[in-house]
Asker: 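The following block contains the structure, expressed as structure tokens.
A quick note: this is a predicted structure, and the numbers were derived from the prediction, not measured. Numbered from 1 within each chain, the chains take letters A, B, ... in sequence-line order.
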Amino acid sequence: MPLPRRFYQRPARAVARDLLGCVLVARRRGAITAGRIVETEAYLGPEDRASHAAFRPGSRALFYGEGGFAYVYLNYGMHCCLNAIAGRTGRPGCVLIRALEPVMGRAAMARRRGVPRDSPRLASGPGNLTRALGITVRNNGADLTAGRLTIEPPDQPRDFTIASGPRVGITRSVGLRLRFWVGGNRFVSKR
DNA sequence: TAGCTGATTGACT
DNA sequence: GTCAATCAGCTAA
């Protein structure tokens, strides 16, 4: 069973933390690829100058709607990034999923990525992650609580430590500690 | 209409 | 360390 809608209807920061250890599942034409979430970043509303809620147009309806939907966008002209909309209606926020630890469909991921199936970089990084799972902007607006793209609760006890720090790769509102990752996990993207 | 920017990656010096 | 690839949507005009 996927995480319920109410899981997402909380502040983005809390959702980002709790998403660590959960499993992202993508079902594509019978083939299933899945990965454990090991790195996330929280983005807030208009007060957060790095958040797309502050300036991305077509995304506004999604951001201000109820949580639990996927926000996928294309950036730098070639990379898709996957977000989960967080917060309640009227309270925009989202969580960028930055890295996965592959748990299912490694062969399919490796084929899409063009790297060895045991590479720690299989789904490490927002752009790599979406390519590994075959996620594109066509998945924008997908319901994460039902359908082909869902997020399941942790498949094993959460015995890891949660580390936090400043977000990476952004040019605005740097300095907020809204990035979370699984301490010591080798699938966390490090630049 | 033209020009610019970006929550990136990978290849190269 | 630098840099190109490549595009949606903003901005200025």
Asker: Take atom CZ of R49(A) and atom P of dG6(B), then tell me their distance rounded to the nearest Å.
Answerer: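 Those two atoms, CZ and P, are 11 Å apart.
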
Asker: If you look at every heavy atom in A99(A) and V188(A), which pair is closest and at what distance?
Answerer: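 Where A99(A) meets V188(A) most closely, the heavy atoms are CB-CA, 4.3 Å.
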
Asker: Once side-chain hydrogen bond (donor to acceptor under 3.5 Å, both in side chains) is applied, what residue pairs with a partner in residues 177-188 of chain A remain, sequence neighbours excluded?
Answerer: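 side-chain hydrogen bond (donor to acceptor under 3.5 Å, both in side chains) check on residues 177-188 of chain A returns E39(A)-R179(A), E101(A)-N185(A), S164(A)-R177(A).
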
Asker: Which value, in whole Å, describes the distance between the P atoms of nucleotides dA5(C) and dT13(B)?
Answerer: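 Result for the P pair: 15 Å, nearest Å.
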
Asker: If you take any heavy atom closer than 4.0 Å to DNA chain B, which residues from residues 78-86 of chain A end up in contact?
Answerer: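 Only H79(A), N83(A) qualify.
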
Asker: Distance from I135(A) atom CD1 to T33(A) atom OG1, nearest 0.5 Å?
Answerer: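 Taking CD1 in I135(A) and OG1 in T33(A), the distance rounds to 7.5 Å.
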
Asker: Please measure how far the C1' atom in dA7(B) lies from the corresponding atom in dG1(C), and state the result in whole Å.
Answerer: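 Here dA7(B) and dG1(C) have their C1' atoms 23 Å from each other.
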
Asker: Measure from NE2 on H52(A) to P on dA8(C) and round the result to the nearest Å.
Answerer: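 Checked: the NE2 to P distance equals 15 Å.
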
Asker: With rounding to the closest Å, how many angstrom separate the P atoms on dT6(C) and dC12(B)?
Answerer: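 The same atom, P, in both gives a distance of 15 Å.
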
Asker: Return the value, rounded to whole Å, for the distance between atom CG of N128(A) and atom C1' of dA7(B).
Answerer: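 Taking CG of N128(A) and C1' of dA7(B), I get 14 Å after rounding.
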
Asker: Rounded to the Å, how far apart are N75(A) CG and dT5(B) C1'?
Answerer: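 One finds 10 Å between C1' of dT5(B) and CG of N75(A), rounded.
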
Asker: In this structure, how many angstroms lie between the P atom of dT9(B) and the CG atom of L74(A), rounded?
Answerer: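 That distance rounds to 13 Å.
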
Asker: Among dG10(B), dA7(B), dG6(B), which nucleotide sits nearest the side chain of Y76(A)?
Answerer: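 For Y76(A), the side-chain atoms sit closest to dG6(B).
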
Asker: Indicate yes or no: at least one non-hydrogen side-chain atom of L20(A) is less than 4.5 angstrom from one of T40(A).
Answerer: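 When only atoms from C-beta onward are counted, T40(A) and L20(A) do touch, with a gap below 4.5 Å.
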
Asker: If you compare all heavy atoms of Y8(A) against all heavy atoms of G67(A), which two are closest, and at what distance to 0.1 Å?
Answerer: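 Distance-wise, the nearest heavy atoms are CB-C, 3.9 Å.
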
Asker: Can you give me every donor-acceptor pair (side chain of residues 76-95 of chain A, partner residue at least two apart or in another chain, under 3.5 Å) with its distance?
Answerer:
| unit_1 | atom_1 | unit_2 | atom_2 | d |
| --- | --- | --- | --- | --- |
| N83(A) | ND2 | Y71(A) | O | 3.1 |

Asker: Minimum heavy-atom separation for G45(A) to S51(A), with atom names?
Answerer: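 Taking G45(A) first and S51(A) second, the nearest heavy atoms are O-CB, 3.8 Å.
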
Asker: Does R13(A) have more than 12 heavy atoms from other residues, nucleotides or ligands lying within 6.0 Å of its CZ?
Answerer: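 No.
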
Asker: Is the base of dA7(B) stacked against the aromatic ring of Y43(A), taking ring centres under 5.5 Å apart and planes under 30° as the test?
Answerer: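 Per 5.5 Å and 30° rule: yes, stacked.
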
Asker: Between dA7(B) atom C1' and Y73(A) atom OH, what is the distance in whole Å?
Answerer: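 Whole-Å distance recorded here is 4 Å.
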
Asker: Which residue pairs pass the salt bridge (charged side-chain N to carboxylate O under 4.0 Å, His left out) test when at least one of the two sits in residues 126-146 of chain A, sequence neighbours left out?
Answerer: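 For residues 126-146 of chain A: R5(A)-D143(A).
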
Asker: Check L129(A) against A123(A) and note the closest heavy-atom contact, atom names and distance.
Answerer: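 Residues L129(A) and A123(A), closest heavy atoms: CB-O, 3.9 Å.
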
Asker: Could you check how far CZ of F63(A) sits from C1' of dA7(B), rounded to whole Å?
Answerer: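 Nearest whole value for this atom pair: 10 Å.
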
Asker: Using a cut-off of strictly less than 4.0 Å between a heavy atom of the residue and any atom of DNA chain B, enumerate the qualifying residues of residues 96-118 of chain A by number.
Answerer: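 The stretch gives L96(A), R98(A), R113(A) as the residues lying under 4.0 Å from the strand, ordered by number.
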
Asker: Tell me whether the side-chain N/O atoms of T171(A) come closer than 4.0 Å to OP1 or OP2 in dA7(B).
Answerer: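 For dA7(B), OP1/OP2 do have a side-chain N/O of T171(A) under 4.0 Å.
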
Asker: Which nucleotide in the set dG10(B), dA7(B), dC7(C) lies at the smallest distance from any side-chain heavy atom of R121(A)?
Answerer: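 Closest nucleotide among those given: dG10(B).
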
Asker: Distance check, P atoms only: dT5(B) and dA13(C), in whole angstrom units.
Answerer: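 The same atom, P, in both gives a distance of 15 Å.
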
Asker: Just by modelled atom types, is the R121(A) backbone N or O under 3.5 Å from a matching donor or acceptor in the R113(A) side chain?
Answerer: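 Here the side-chain-to-backbone pair exists.
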
Asker: Taking the side chain as everything from C-beta on, heavy atoms only, tell me whether L100(A) gets closer than 4.5 Å to I37(A).
Answerer: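 Yes - at least one pair of side-chain heavy atoms lies under 4.5 Å apart.
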
Asker: Taking Watson-Crick (N1-N3 plus N6-O4 or O6-N4) and G-U wobble (N1-O2, O6-N3), each under 3.5 Å, can you produce the dot-bracket string of DNA chain C? Use [ ] for crossing pairs and | for inter-strand ones.
Answerer: |||||.||||||.

Asker: For the pair made of CG in D48(A) and P in dG6(B), what is the distance, rounded to whole Å?
Answerer: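 Atom-to-atom, D48(A) to dG6(B), this comes out as 15 Å.
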
